[in-house]
Amino acid sequence: MAKKLMQGNEAVARGVYEAGGHVVSSYPGTPSTEITEFISKYDEIYSEWAPNEKVALEVACGAAIGGARAFTAMKHVGLNVAADPLFSMSYIGANGGLVIAVADDQGMHSSQDEQDSRHYARAAKVPMLEPTSSAECLSYIKLAFELSEQHDTPMFVRLSTRISHSHSIVETSERKETQVKDYTKNMQKNVTMPAMARLMHKRVEERLIKFADYAETSGINTVEMNETKIGIITAGVAYQYAKEALPNASFLKLGMTFPMPVNMIKDFAAKVDKLYVIEELEPIIELHCKANGINVIGKDLFPLCGEINANMIRKLILGENTELFTLDQTAPIRPPVLCPSCPHRPVFYLLNKLKMAVTGDIGCYTLGALPPLDSMDTCICMGGAITVLHGMEKARGPEFAKKSVCVIGDSTFMHSGMTGLVNMVYASTSSTVMILDNAITGMTGHQHNPTTGFTIKDKPAPQVDLAELCKALGVKNVVTVDPFDIKKLEEVIKTETAREELSVIIAKSPCALLKSRPPQPAVKTDNEKCVGCRMCMKIGCPAISMNDKKMNVDSTICTGCKLCIQICKLGAISV
């Protein structure tokens, strides 16, 4: 046994290791990404980055059916992608243990929407555990594997941005080696044809009855009786906020948020004068209580949107305002921005200049929607750039295609862009697809994907050639161009968008933060030649500013991409 300060995601990884996990497949998505990165450090576990969450869960399903302890991690919107196999596996169950960690992003720190994954637990009828600390992250993962095998079911462990990324003390132990179970053919159990699935559904309902009893008696849900004036029912990170705000209140902490106990909640409610439910996002616990005749105060008081905090709880329940230390000056606004030398910058600069309609996707390049680039019209979901552009062309006609493009990253194209491109080929569209290939999965912190030529353990792997792949999918016109050759890039965009048939432009240049792309010397400015026209400001480079109506380059962050040199027509910038 050893005590260690651990991030929640690291503790989840440690839990998979200590539980004797065998196979892990995931797709990176903040706030869940680090889980699989930490797992990759354990050589006893096979781990991989899958092209998307659906593939990842299916790999884990196959491993579990094959008798191994299998695990996958994803963020809340990734669970949407993985929903199809999820619902079927709820019926099939698990031979080896199958655990799914899903990290919700309350407050949308790095996501396109807020989503409460407890809805999926209820809809798919898959039991869900919800830890409140790094220590529980580790112990709940181990428990989830045990429950999965004992009850022949997938198991959810729900995290949040704060639980995933905060640190607390964890007590580690040695790995428990587990044997891969025998596999035998069993069509009645593993094939979800209607005749078999009808029987499977009955087993799911019987399983939930057992878990409902488990929620009442196992100790996974705990009562902390203190003063009885105020009682709190809560779970996950909200428990930490509530404990900080109301240390003298009585608590019912739910470690299992599906299914939830009934009698335990009724007994707790009878012991307190006033009962509150404190939960982030949806009123899942609150509605469960009210459906069982338990009077609680929840979303009438607390917000449906965003995060809760201790100060909010103290104010809403006690009417107390916490005094905060404030400064006379407000901090300057720091919106997210593309890095210096980002290869996406010249693409968006030109799309703005050419007044193109641009359907976008999920990635670093989504920042192209912000000033001064102002170059992205839509962003819905992973892979949506291609299909949305196709739909817009079909709605507005082929002339629209000549003044529009879509942009999608290399990793996102592998995730869910290929099928959209096939649809374009099949439907004889004349749109232009731009794949922004920066040689890595950038937004989530530089994870490999099938186009990079390396595995999660940085070992060489077969490398998908995007140009050849697009041709194999039926695209006749595929052009690869360096986005920093801005004259050539503009020529290619004009040529390909003018075509009467589908084309793909691959803007290929590595991410500025990759070690394989060492920085070049910073550029220099000539104040005598600079007339303050601000043309260089249109590229939105954080290294460039105006000082006394003259362009200034911060040499501490400029990495010498020379884009500004090509923009300046007066020769005021040089190497």
Side-chain angles (χ1 to χ4, degrees), residues 30 110 331-353 358 360-376 407 409-412 434-447 452 481-490 507-527 529-530 532-575:
T30 307
S110 57
I333 297 173
R334 297 183 63 188
V337 63
L338 294 172
C339 301
S341 295
C342 176
H344 304 329
R345 181 170 284 109
V347 173
F348 288 120
Y349 166 76
L350 282 177
L351 294 177
N352 184 316
K353 175 186 172 183
V358 182
D361 224 295
I362 306 297
C364 299
Y365 42 87
T366 313
L367 295 172
L370 301 179
L373 297 170
D374 293 315
S375 302
M376 191 175 289
V407 293
D410 51 325
S411 179
T412 311
M434 294 193 72
I435 302 176
L436 310 187
D437 181 7
N438 65 352
I440 203 72
T441 308
M443 181 175 62
T444 50
H446 288 183
Q447 292 79 35
T452 66
V481 61
D482 180 353
F484 286 109
D485 186 346
I486 200 161
K487 185 177 180 181
K488 178 67 174 176
L489 178 61
E490 183 171 3
K508 187 178 179 66
S509 183
C511 172
L513 301 180
L514 288 178
K515 294 178 181 178
S516 59
R517 183 181 164 182
Q520 302 300 312
V523 300
K524 298 179 180 180
T525 58
D526 186 338
N527 282 348
K529 293 181 180 179
C530 179
C533 68
R534 302 178 70 88
M535 277 295 295
C536 55
M537 298 294 289
K538 291 186 176 182
I539 61 176
C541 178
I544 300 175
S545 60
M546 297 297 290
N547 186 15
D548 293 330
K549 297 184 179 181
K550 298 287 185 177
M551 181 260 203
N552 179 65
V553 174
D554 185 344
S555 61
T556 63
I557 61 174
C558 173
T559 53
C561 71
K562 306 181 186 64
L563 176 61
C564 55
I565 294 178
Q566 298 177 71
I567 300 299
C568 180
K569 304 302 181 184
L570 301 173
I573 314 171
S574 61
V575 177

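Heavy atoms only: backbone and side chains are in, while hydrogens, waters and symmetry mates are out. Keep in mind that what you see is a predicted model, and the values were worked out from it rather than measured.
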Exercise. Hey, does the side chain of Asp482 reach the backbone of Phe484 with a donor-acceptor pair shorter than 3.5 angstrom?
Worked result: yes
For this session: Using side chain to side chain donor-acceptor pair (under 3.5 Å) as the criterion, list what pairs up with Asp437, not counting sequence neighbours.
Result: Lys508
For this session: Please examine the side chains of Phe348 and Val407, heavy atoms only from C-beta on, and report whether any two atoms are closer than 4.5 Å.
Result: yes
Problem set entry | Any donor-acceptor pair under 3.5 Å from Tyr365 side chain to Gly409 backbone | yes
Exercise. Mind checking whether Cys339 and Leu513 have side chains closer than 4.5 Å, heavy atoms only?
Worked result: yes
Exercise. Do Leu370 and Pro336 have side chains that get closer than 4.5 Å, going by heavy atoms?
Worked result: yes
Exercise. What are the two closest non-hydrogen atoms of Ile362 and Met443, and how far apart are they?
Worked result: CG2-CE, 3.6 Å
Seminar exercise, completed: Separation between CG (Leu351) and CG (Asp374), nearest 0.5 Å, reads 12.0 Å
Problem set entry | Whether Asn352 side chain and Leu373 backbone form a donor-acceptor pair below 3.5 Å | yes
Exercise. In Å and rounded to the nearest 0.5 Å, what is the NZ to CD distance from Lys353 to Glu490?
Worked result: 3.5 Å
Problem set entry | Separation of Ile435 CD1 from Thr412 OG1 (nearest 0.5 Å) | 10.5 Å
Problem set entry | Atom of Cys536, atom of Ile573 and distance for their closest heavy-atom approach | CB-CD1, 4.5 Å
Exercise. Under 4.5 Å between any side-chain heavy atoms of Cys541 and Leu563, yes or no?
Worked result: no
Exercise. Has Lys538 got more than 12 heavy atoms of other residues, nucleotides or ligands less than 6.0 Å from its NZ?
Worked result: no
For this session: Please determine which of Leu350, Ile486, Leu338 meets the side-chain contact (heavy atoms from CB on, under 4.5 Å) test together with Arg345.
Result: Leu338
Exercise. Below 4.5 Å, heavy atoms only, C-beta onward: do Arg534 and Met546 meet side chain to side chain?
Worked result: yes
Exercise. Is the side chain of Ser516 donor-acceptor paired with the backbone N or O of Leu514 at a distance under 3.5 Å, no angle test?
Worked result: no
Problem set entry | Minimal non-hydrogen separation, Pro510 against Arg517, with atom names | O-NH1, 2.7 Å
Exercise. Could you state the interatomic distance from CG (Leu436) to SG (Cys511), rounded to the nearest 0.5 Å?
Worked result: 12.5 Å
Exercise. In this structure, which one of Val481, Leu489, Val358 forms a side-chain contact (heavy atoms from CB on, under 4.5 Å) with Val347?
Worked result: Leu489
Exercise. Does some side-chain heavy atom of Ile539 sit less than 4.5 Å from a side-chain heavy atom of Cys564?
Worked result: yes
Exercise. Does Cys530 offer a backbone N or O that forms a donor-acceptor pair with the side chain of Lys550 under 3.5 Å?
Worked result: yes
Exercise. Looking at Ser411 and Thr441, what are the two nearest heavy atoms and their distance?
Worked result: OG-OG1, 3.0 Å
Problem set entry | Shortest non-hydrogen contact from Ala512 toward Pro343 | N-CD, 4.3 Å
For this session: List the steps and the verdict of side-chain contact (heavy atoms from CB on, under 4.5 Å) for Asp410 and Asn438.
Result: CA-CA 7 Å; Asp410 51 325; Asn438 65 352; 3.1 Å; yes
Seminar exercise, completed: The reported gap from NZ in Lys529 to CE in Met551 (rounded to nearest 0.5 angstrom) is 13.5 Å
Exercise. What closest approach, in Å, do Asp361 and Thr366 show between heavy atoms, and which atom pair accounts for it?
Worked result: O-OG1, 2.6 Å
Exercise. Cys558 versus Pro340: any side-chain heavy-atom pair under 4.5 Å?
Worked result: no
Exercise. Excluding sequence neighbours, so at least two apart, what forms side chain to side chain donor-acceptor pair (under 3.5 Å) with Thr559?
Worked result: Ser341
